[in-house]
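Comments concern the structure below.
Throughout, numbering of the chain's residues begins at 1 and tracks the sequence. All of these numbers come straight from a predicted model, not from anything done at the bench.
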Amino acid sequence: METDSEPYVRLASLRQLHQAMADMNKARSLADTLQAVADGVVQALNYELACVNLVGPDGDLVVAAFAGNQAAEALITGRSGSRESWDRRLGMGEQWGDLIFIPHTEGWVLDDDDVPQWYTDGPAPRFEDEWHPSDRLFAPMYAPGPQGGGNSGELIGVLSVDRPRNGRRPGAWGREALQMYAFQAAIAISNARLRSNMQRALVRLERDQQALRASEESFRQAFEYAPSGMAIAEMGGDQHGRILRTNDALCRLLGRRASSMRRYAFSDLVHPEDIGTLLRTSAEGGRAELRLGRRDGTYVWVSLRNSVVADAADGPRFLLTHVEDIEERKRRELHLAHRASHDSLTGLPNSAELRSRLAARLCQRPQSSHAVADAMDAAYGNSAVFDSGGHTFDFSAAAEPYGAFDHHVHAVAPEDGRDDGTKGLAVLFCDLDGFKSINDRFGHNAGDAVLIEVARRLSGGVRDGDTVARLGGDEFVILANGLGRADAQDLAVRLRGEIIQPIRAEGRAVRVGASFGIGWAHCGMTADEVLKSADERMYVEKRSRPKQHRRAG
């Protein structure tokens, strides 16, 4: 740009300046913008050399772009000068508005600082306004401040220019043009940095999204193709526990479609007896073993384990539930438990199981009166459930100690010698008559066949909820609750009539008899005392009958 007749500025010079500003705003990257800024100084403002010094993250200024001399560009591009040295430069010399001019008469003190610079040769000035090779002119570039102009913003860099083409120091118009250009360059560089940061952020965002998509796909595959059941359920709110998603393994395990599973919560699928177990299971990292209902109405034992999953913004939380089929293990456990508590020959509860069930009905606190005992007996239906066929049972009273007796129903015995209407827990002690002779004459296989058939007949002759147990050898015990004396005697007669019917054993028909002793369990007694009482009554009954009537063999 011509500066020798500054009242008159050529239109071509303005167009050059306008084009230079347009070029630096059209650059696609920060590096291109910085180079366009340096090129614009040379092409539009008519300086032979221009350098863009950019403030780096550490505060020092690095030579980011150079124009006008390739040798000088290769020498100093990328080198940096300390912020302290730059602050000293910008604080000395002459203030030309926002520009800093350091004449050669003062600039010699800067020759040894760490700011990258070039050296030009030339004759000493002949005129007062002639440019000296050691003169320095700097145009600080400030980020636009709140007011939109001036140097109110943060320093982002410095433009260094050298050797105006007309050989003179710039006049008022030249200075104004350089200052305006530096202001626009600061805007262009700030915008380029913003675009660069946004591009980097977009790249990071895209990378994070790709990682998220990869993670979601990994989770989806792990979820969908897991060999054991998986489900995602809502956590909290009105729909807590509602199933949102299930994998194929869980649908196959329960014989249900994925679409139908979304209508349920796990509490809807759990066996009624296992609801308490489910409710006691902690939602966060909880684990439980319970039964879930299949579509065909059967139940399968599963191990259920919960984990909490929260979204990235810590918004709604979900339960990831892992469901493992443990039916086979439970079957083995129940089988082992059954073998431990049941007679291997007849399948009836054994002696230990009999004593356990009997002891669970007794406590050491004496009942206050028959009226209180009868009232408590009326609630007995919820205290215990026995079986008569070797199946599993639930005995709620055994689950708590009998020191408090808050829910215990006291066992009482009818009055001796008369039937006063009192219902109690009858204990029928049964001993087979003539069994030893069958063993001796026909062998143990025949004896075993007799015991199995007797066990079947006794089990078939009692009510649901009564217990038939094999005490050992040819001795059996029946626990029958809620009977009066006449009821117990009728039961003994009926069972004896069943037992004396012929039994097929080893290809022949044999007969055994049976002696029954009826004892009564009441609180204050131990299980052994109850069994001993019934055993003694059985022997009294056995001795009272003629020998020929005892043996049917």
Side-chain angles (χ1 to χ4, degrees), residues 1-56 61-70 72-73 77-78 96-100 137-166 168 170-203:
M1 178 178 293
E2 298 294 340
T3 59
D4 52 345
S5 57
E6 291 197 342
Y8 171 75
V9 179
R10 292 186 302 169
L11 183 59
S13 298
L14 292 176
R15 287 174 176 168
Q16 287 179 343
L17 182 60
H18 179 270
Q19 185 61 46
M21 292 180 179
D23 289 342
M24 65 184 179
N25 281 291
K26 289 190 301 184
R28 298 178 62 87
S29 66
L30 177 60
D32 291 345
T33 300
L34 295 171
Q35 190 60 51
V37 169
D39 292 341
V41 173
V42 174
Q43 296 168 5
L45 297 178
N46 291 317
Y47 289 92
E48 291 186 8
L49 299 174
C51 177
V52 179
N53 302 275
L54 194 66
V55 177
L61 278 74
V62 62
V63 178
F66 196 94
N69 187 303
Q70 292 184 352
E73 178 180 359
T77 299
W96 290 355
D98 289 339
L99 305 180
I100 305 296
L137 180 58
F138 303 110
M141 296 180 292
Y142 297 94
Q147 304 304 319
N151 60 358
S152 57
E154 179 184 2
L155 181 71
I156 65 171
V158 178
L159 273 175
S160 300
V161 300
D162 195 13
R163 289 167 52 180
R165 283 200 175 91
N166 62 5
R168 298 178 181 179
W173 165 248
R175 299 174 189 179
E176 182 70 22
L178 180 58
Q179 183 173 307
M180 179 174 61
Y181 186 82
F183 176 74
Q184 295 298 324
I187 295 176
I189 293 172
S190 296
N191 290 339
R193 274 182 163 172
L194 180 60
R195 288 194 302 269
S196 179
N197 291 337
M198 290 179 62
Q199 289 171 352
R200 284 195 296 269
L202 289 173
V203 170

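Contact check for Cys51 versus Leu159: no side-chain heavy atoms found under the 4.5 Å cut-off. Leu137 has its side chain out of reach of Ile100: every pair of non-hydrogen atoms, C-beta onward, lies at least 4.5 Å apart. Contact annotation: the side chain of Leu49 approaches that of Phe66 to within less than 4.5 Å [non-hydrogen atoms, C-beta and beyond]. Met180 places a side-chain heavy atom less than 4.5 Å from the side chain of Met21. Side-chain contact between Tyr181 and Met24 is present, with at least one heavy-atom pair separated by less than 4.5 Å.
For the pair Asn53 (side chain) and Val158 (backbone), a donor-acceptor distance under 3.5 Å is present. In terms of modelled atom types and a separation under 3.5 Å, the side chain of Gln35 and the main chain of Ala65 share no donor-acceptor contact. Without hydrogens or angle criteria, Arg163 side chain to Glu48 main chain gives no donor-acceptor distance under 3.5 Å.
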May I have the step-by-step check of side chain to side chain contact (heavy atoms under 4.5 Å, CB included) for Ile189 and Met141, ending in yes or no? CA-CA 9 Å; Ile189 293 172; Met141 296 180 292; 3.9 Å; yes

Is there a side chain to side chain contact (heavy atoms under 4.5 Å, CB included) between Ile156 and Arg193 once you walk through the steps? CA-CA 11 Å; Ile156 65 171; Arg193 274 182 163 172; 4.1 Å; yes

Could you please spell out the steps behind the side chain to side chain contact (heavy atoms under 4.5 Å, CB included) verdict for Asp23 and Asp39? CA-CA 9 Å; Asp23 289 342; Asp39 292 341; over 6 Å; no

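Tyr142 and Gly153 get closest at one heavy-atom pair: CD2-O, 3.4 Å. Listed here is the closest heavy atom pair of Ala182 and Pro140: CB-O, 4.0 Å. What you find for Gly78 and Val62 is that their closest heavy atoms are O-CG2, 3.4 Å. Listed here is the closest heavy atom pair of Leu178 and Leu45: CD1-CD1, 3.7 Å. Of all heavy-atom pairs between Ser29 and Ala192, the closest is O-CB, 4.4 Å.
For Asn25, there are no side-chain hydrogen bond (donor to acceptor under 3.5 Å, both in side chains) partners, not counting sequence neighbours. Residues passing the side-chain hydrogen bond (donor to acceptor under 3.5 Å, both in side chains) test with Asn69, sequence neighbours excluded: none. Arg200 meets the side-chain hydrogen bond (donor to acceptor under 3.5 Å, both in side chains) test with Ser196, Asn197; sequence neighbours excluded.
Rounding to the nearest 0.5 Å places CD1 of Ile187 at 4.5 Å from CD of Gln184. A distance of 8.5 Å separates OG1 of Thr33 from CG of Asn191, quoted to the nearest 0.5 Å. With values rounded to the nearest 0.5 angstrom, Asp162 atom CG is found 10.0 Å from Tyr47 atom OH. Taking OG1 of Thr77 as the start and CD of Gln70 as the end, the distance is 11.0 Å to the nearest 0.5 Å.
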